[in-house]
Amino acid sequence: MDAKVITVEAYFEAVPEDRKVAMQTLRKVVKENLPEGFTEGMGYGMACYVVPHSMYPAGYHCDPKMPLPFISIASQKNFIALHHMGIYGSKDLLDWFQSEYPKHSKYKLDMGKGCIRFKKPDDIPFALIAELCKKITVDDWITLYESNLKR
């Protein structure tokens with residue numbers, strides 16, 4: 001994807017045709033299931049869902065001008081990615097997700113610390129992603145973020 005895309009709408013318009021439906025569905029699932037308070041925008045060349053400065057003025061420690069990131073979705077060269085900072089910050093949430101994933105997909109889980117990769121757009125477990133989105137409120141995320149930041 002073109003890192004120069006500046007709006008979420010333009011980002012999704014630029015998604016390759018073979019991924020467009022999956023990416024639009026993923027966006028819809030995230031938006032409909034995130035607890036109140038997270039906002040949608042662009043960050044690091046991806047569509048992202050963040051805690052706005054109005055709720056967390058300190059912003060992201062790596063760049064305080066940026067709002068606190070929580071979830072990002074991206075169409076990469078070889079996969080669709082869902083970056084979930086809560087999974088990265090909470091072993092309990094990671095363990096839950098890893099145990100639930102096989103119940104929702106016939107494919108092996110492909111993930112890094114907080115990045116879940118989907119090589120087959122038709123096989124994204126949207127119901128599981130919906131559950132995952134509901135697990136952490138804005139206040140929960142701020143508390144978790146700060147507790148991990150102080151380590």
Student: Among residues at least two apart in sequence or on other chains, which ones pass salt bridge (Lys or Arg N to Asp or Glu O under 4.0 Å) with Lys20?
Tutor: Glu17

Student: Measure the CD1-CE distance between Ile142 and Met55 for me, rounded to the nearest 0.5 Å.
Tutor: 6.0 Å

Student: Considering only heavy atoms from C-beta outward, does the side chain of Ile80 approach that of Met23 to under 4.5 Å?
Tutor: yes

Student: Which atom names give the shortest non-hydrogen contact between Val51 and Trp141, and what distance separates them?
Tutor: CG2-CD1, 3.6 Å

Student: Rounded to the nearest 0.5 Å, how far apart are CG of Leu149 and CG of Leu68?
Tutor: 9.5 Å

Student: Are Leu109 and Leu82 connected into the same hydrophobic cluster when the rule is that any two of I, L, V, M, F, W, Y join if their side-chain heavy atoms are below 4.5 Å apart?
Tutor: yes

Student: Please tabulate, for side-chain N and O atoms in residues 37-50, each donor-acceptor pair with protein atoms closer than 3.5 Å (sequence neighbours left out).
Tutor:
from  : atom 1 : to    : atom 2 : distance (Å)
Glu40 : OE1    : Arg27 : NH2    : 2.9
Glu40 : OE2    : Arg27 : NE     : 2.8
Glu40 : OE2    : Tyr49 : OH     : 2.6

Student: With sequence neighbours left out, what residues match His84 under ring pair (Phe, Tyr, Trp, His ring centres under 6.0 Å)?
Tutor: Phe70

Student: Once rounded to the nearest 0.5 Å, what's the spacing between atom CG of Asp18 and atom OG of Ser75?
Tutor: 8.0 Å

Student: Determine whether a donor-acceptor pair (N or O, by modelled atom type, separation under 3.5 Å) exists between the side chain of Arg19 and the backbone of Gln24.
Tutor: no

Student: Residues in side chain to side chain contact (heavy atoms under 4.5 Å, CB included) with Lys28, at least two apart?
Tutor: Glu32

Student: For Cys133, check side chain to side chain contact (heavy atoms under 4.5 Å, CB included) against everything at least two apart and list the hits.
Tutor: Val30, Asn33, Leu34, Ile71, Ile129

Student: Please find the pair of heavy atoms, one from Cys115 and one from Ala81, that lie closest to each other, and give the distance.
Tutor: SG-CB, 3.9 Å

Student: Extract all donor-acceptor atom pairs below 3.5 Å that involve side chains of residues 86-95 and protein atoms in other chains or at least two apart in sequence.
Tutor:
from  : atom 1 : to    : atom 2 : distance (Å)
Ser90 : OG     : Leu93 : N      : 3.1
Lys91 : NZ     : Asp95 : OD1    : 3.0
Lys91 : NZ     : Asp95 : OD2    : 3.0

Student: Tell me which pairs pass salt bridge (charged side-chain N to carboxylate O under 4.0 Å, His left out) where either residue lies in residues 62-73, with sequence neighbours left out.
Tutor: none

Student: Applying side chain to side chain contact (heavy atoms under 4.5 Å, CB included), name anything that partners Glu100, two or more places apart in sequence or on another chain.
Tutor: Trp96, Lys103, His104, Leu128

Student: Could you work out, with side chain to side chain donor-acceptor pair (under 3.5 Å) as the rule, every residue matching Thr137, not counting sequence neighbours?
Tutor: Asp140

Student: Are the side chains of Met85 and Tyr145 in contact, using a 4.5 Å heavy-atom criterion?
Tutor: no

Student: What residues form a ring pair (Phe, Tyr, Trp, His ring centres under 6.0 Å) with Phe97, not counting sequence neighbours?
Tutor: Tyr101

Student: Apply side chain to side chain donor-acceptor pair (under 3.5 Å) to Tyr56 and list each qualifying residue two or more places apart in sequence or on a separate chain.
Tutor: Glu146

Student: Just to verify, what does Lys119 make a side chain to side chain contact (heavy atoms under 4.5 Å, CB included) with, not counting sequence neighbours?
Tutor: Phe79, Asp110

Student: In Å and rounded to the nearest 0.5 Å, what is the NZ to NZ distance from Lys120 to Lys106?
Tutor: 8.5 Å

Student: Taking atom NE2 of His61 and atom CE of Met66, what is their separation to the nearest 0.5 Å?
Tutor: 12.5 Å

